[in-house]
Every structure is written in C-alpha cells, then in structure tokens.
Amino acid sequence: QMASVSTLSRIQFGDAAAAIMPFAQAENIHLRLFALRALAEGGESVDRAFLLSCLRNEDYVVRQEASETLWTIDGQDVTDALRTMAKEDFNQAVRDAASQALLRRELAGRNSAEKTDILRRALDNTERLTALWILRTALEEGGIEGRRLVQTVAARDDLLGERSRAYLVLADSRTR
C-alpha cells in the first residue's frame, strides 16, 4: 500500500489525491504518514496537528517521517518544532530529516542563486547526511551556481570532497 501511495504521488496521477485520501486515516501510522506526505507534497491540506503530535512518538521512524512531511506545512509553530527536532532529537536520522525540512522550507520559492547561497551557508554547520543532501540539492536545484558549489567541495580531501566528485560524475553521465 505504501508503494502504491508513493507511486501515485510520484507519477502525478490526475486523481492521485482522491485515491490516496482514504489512506490518510489508516490505522497503520507509517501508511498514514506516507499518505499525508504524498497529499502535502501534492498541495493538499493535511492534518497538521497529527503530524506535530508524531514528533513526540517514541518510534524514531515516525518522528523522521513526520519531519519529512512537515516542510510543506506553513506556520511558525511548525518551524519551531522542526528546529527543536534538528537540535535535540537523540536520533541522527530524525535530526537530519528535520534539518532538511527546515532547508526545504527556506529554499521554497527561491531562484537558483538564492538556493545555492542558502545551501552554501548551511553546508559547514550540519551533520554528514544533511551535508550530502545539500550537495545533491545544489546540483539538482542550484543551476550553475549549485554546480560550482559542488565543484568547490569536490576539491576537498575528505568524505564530502569524495562524494562531490561522485555526484558530479553521476550528473555528467545523466546529461549525455
């Protein structure tokens, strides 16, 4: 069911929202979160109170999935909750998901140069998995400026430099 929800969302099926909506009330919390994320990313209104309550769930996967969905929900209370998760959650996957959600909120509606500036500033003050996400996002959404950022990091002799070089090779292979 989760794969079906995800597929309907990704292929932008015309009636996806109607097909996904029943799953937004599923008893299985993971299926429910998948459905809410698909609906939210498709521009549909979702249950923000439920998503915020999931940030207090003892299951780190639930907190992570809720964080990944909350980037689409407006409100200072959501931003504050994501900041708290990014700084204080004991699980790195949750901290990364919340950090990425905060960045996605900041990137929304920006041009490629602005996105690259935001990503550049965030790169040195983040955990490794979010740093890797930043590099991929810079390549995907940052245009020429994003590519330059990744090229600069590729010159480093560390894990991020190594990954940046690999991302550039992969990006180049896709354009051929």
Side-chain angles (χ1 to χ4, degrees), residues 2 6 9-10 30 33-34 36-38 40-42 46 48 51-52 54-176:
M2 288 191 289
S6 181
S9 175
R10 290 180 196 270
H30 299 286
L33 285 165
F34 252 70
L36 290 173
R37 182 175 182 176
E41 288 181 352
V46 296
R48 79 187 278 123
L51 290 168
L52 287 168
C54 286
L55 295 178
R56 295 184 301 276
N57 193 292
E58 65 184 44
D59 182 349
Y60 82 91
V61 175
V62 170
R63 296 192 312 276
Q64 178 183 357
E65 290 173 348
S67 294
E68 291 170 348
T69 302
L70 281 166
W71 82 268
T72 63
I73 310 298
D74 291 331
Q76 188 61 44
D77 59 332
V78 174
T79 301
D80 293 343
L82 287 169
R83 280 191 184 125
T84 298
M85 299 306 288
K87 290 179 184 173
E88 298 177 8
D89 198 275
F90 66 88
N91 186 282
Q92 182 178 346
V94 176
R95 291 192 309 271
D96 285 328
S99 295
Q100 292 166 25
L102 288 165
L103 283 168
R104 289 180 78 170
R105 290 168 75 82
E106 196 173 348
L107 296 176
R110 308 279 184 144
N111 66 42
S112 61
E114 293 170 324
K115 288 179 179 183
T116 300
D117 285 341
I118 292 165
L119 295 170
R120 181 180 289 111
R121 285 192 310 270
L123 185 61
D124 292 326
N125 301 317
T126 192
E127 295 188 50
R128 182 177 54 90
L129 292 178
T130 297
L132 295 173
W133 178 88
I134 287 170
L135 294 168
R136 288 189 311 271
T137 302
L139 272 177
E140 293 168 5
E141 299 181 24
I144 293 170
E145 297 89 353
R147 184 174 181 81
R148 285 188 192 128
L149 170 61
V150 177
Q151 288 170 329
T152 299
V153 175
R156 293 170 36 174
D157 188 25
D158 61 7
L159 174 72
L160 292 182
E162 178 185 319
R163 291 291 173 94
S164 294
R165 291 187 294 276
Y167 293 155
L168 288 166
V169 168
L170 182 61
D172 289 346
S173 72
R174 289 180 180 163
T175 59
R176 292 181 190 174

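All residue numbers in this chain count up from 1 along the given sequence.
- The minimum heavy-atom distance linking Ala81 with Leu52 is given by the pair CB-CD2, 3.8 Å.
- Summarising the geometry, atom OG belonging to Ser164 is positioned 8.0 Å from atom CG belonging to Leu139; distances are rounded to the nearest 0.5 Å.
- The distance from atom CD of Glu41 to atom CD of Glu68, rounded to the nearest 0.5 Å, is 9.0 Å.
- Side chains of Asp80 and Gln76: a donor on one and an acceptor on the other come within 3.5 Å.
- For Arg95 (side chain) and Glu88 (main-chain N/O), no donor-acceptor pair under 3.5 Å exists by modelled atom type.
- Here the closest non-hydrogen pair linking Gln64 and Ala93 is OE1-CB, 3.7 Å.
- Here the closest non-hydrogen pair linking Ser67 and Ala101 is O-CB, 3.3 Å.
- Considering only heavy atoms from C-beta on, Thr130 comes within 4.5 Å of Leu103 through its side chain.
- Taking every heavy atom of both residues into account, Asp77 and Arg48 meet most closely at OD1-NH2, 2.5 Å.
- Taking OG1 of Thr72 as the reference point, atom CZ of Arg104 lies at 8.5 Å (rounded to 0.5 Å).
- To the nearest 0.5 Å, atoms CZ (Arg110) and CD1 (Ile118) are separated by 4.0 Å.
- Closest non-hydrogen pair, Arg165 versus Ala154, comes out as NH1-O, 2.6 Å.
- In this structure, the side chain of Ser112 does not engage the main chain of Gly143 through any donor-acceptor pair within 3.5 Å.
- By the 4.5 Å heavy-atom criterion applied to side chains, Val78 and Trp71 are not counted as neighbours.
- A heavy-atom distance below 4.5 Å is not found between the side chains of Val62 and Leu55.
- A 4.5 Å side-chain heavy-atom check between Gln92 and Glu127 finds at least one atom pair inside the cut-off.
- In this structure, His30 and Glu65 have side chains that are in contact, with non-hydrogen atoms separated by less than 4.5 Å.
- Between Gln100 and Leu129, the shortest heavy-atom distance links the atoms NE2-O, 3.9 Å.
- With rounding to the nearest 0.5 Å, the separation of CD in Glu106 from CG in Leu119 is 8.5 Å.
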Open item on the list: Working note: Leu82 + Arg105, criterion side-chain contact (heavy atoms from CB on, under 4.5 Å); need CA distance, chi angles, decisive distance, verdict.
Closed with: CA-CA 11 Å; Leu82 287 169; Arg105 290 168 75 82; 3.8 Å; yes
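- Considering CG of Leu135 and CG of Leu123, their distance stands at 5.5 Å, rounded to 0.5 Å.
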TODO: Carefully, step by step, assess Arg147 and Asp172 under the rule salt bridge (Lys or Arg N to Asp or Glu O under 4.0 Å).
DONE: CA-CA 11 Å; Arg147 184 174 181 81; Asp172 289 346; 2.7 Å; yes
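- Judged by distance alone, with hydrogens and angles left aside, the side-chain atoms of Glu114 form a donor-acceptor pair with the main-chain N or O of Asn111 at under 3.5 Å.
- Here the side chains of Val61 and Leu33 are not in contact, with every heavy-atom distance at 4.5 Å or above.
- Between the side chain of Arg63 and the backbone N or O of Val94, no donor-acceptor pair lies under 3.5 Å.
- Put simply, the side chain of Arg174 reaches to within 4.5 Å of the side chain of Leu170, judged on heavy atoms.
- Partners of Glu141 under the salt bridge (charged side-chain N to carboxylate O under 4.0 Å, His left out) rule, at least two apart in sequence or in another chain, are Lys115.
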Open item on the list: Pair Glu140, Arg136 - check salt bridge (Lys or Arg N to Asp or Glu O under 4.0 Å), show working.
Closed with: CA-CA 6 Å; Glu140 293 168 5; Arg136 288 189 311 271; 5.4 Å; no
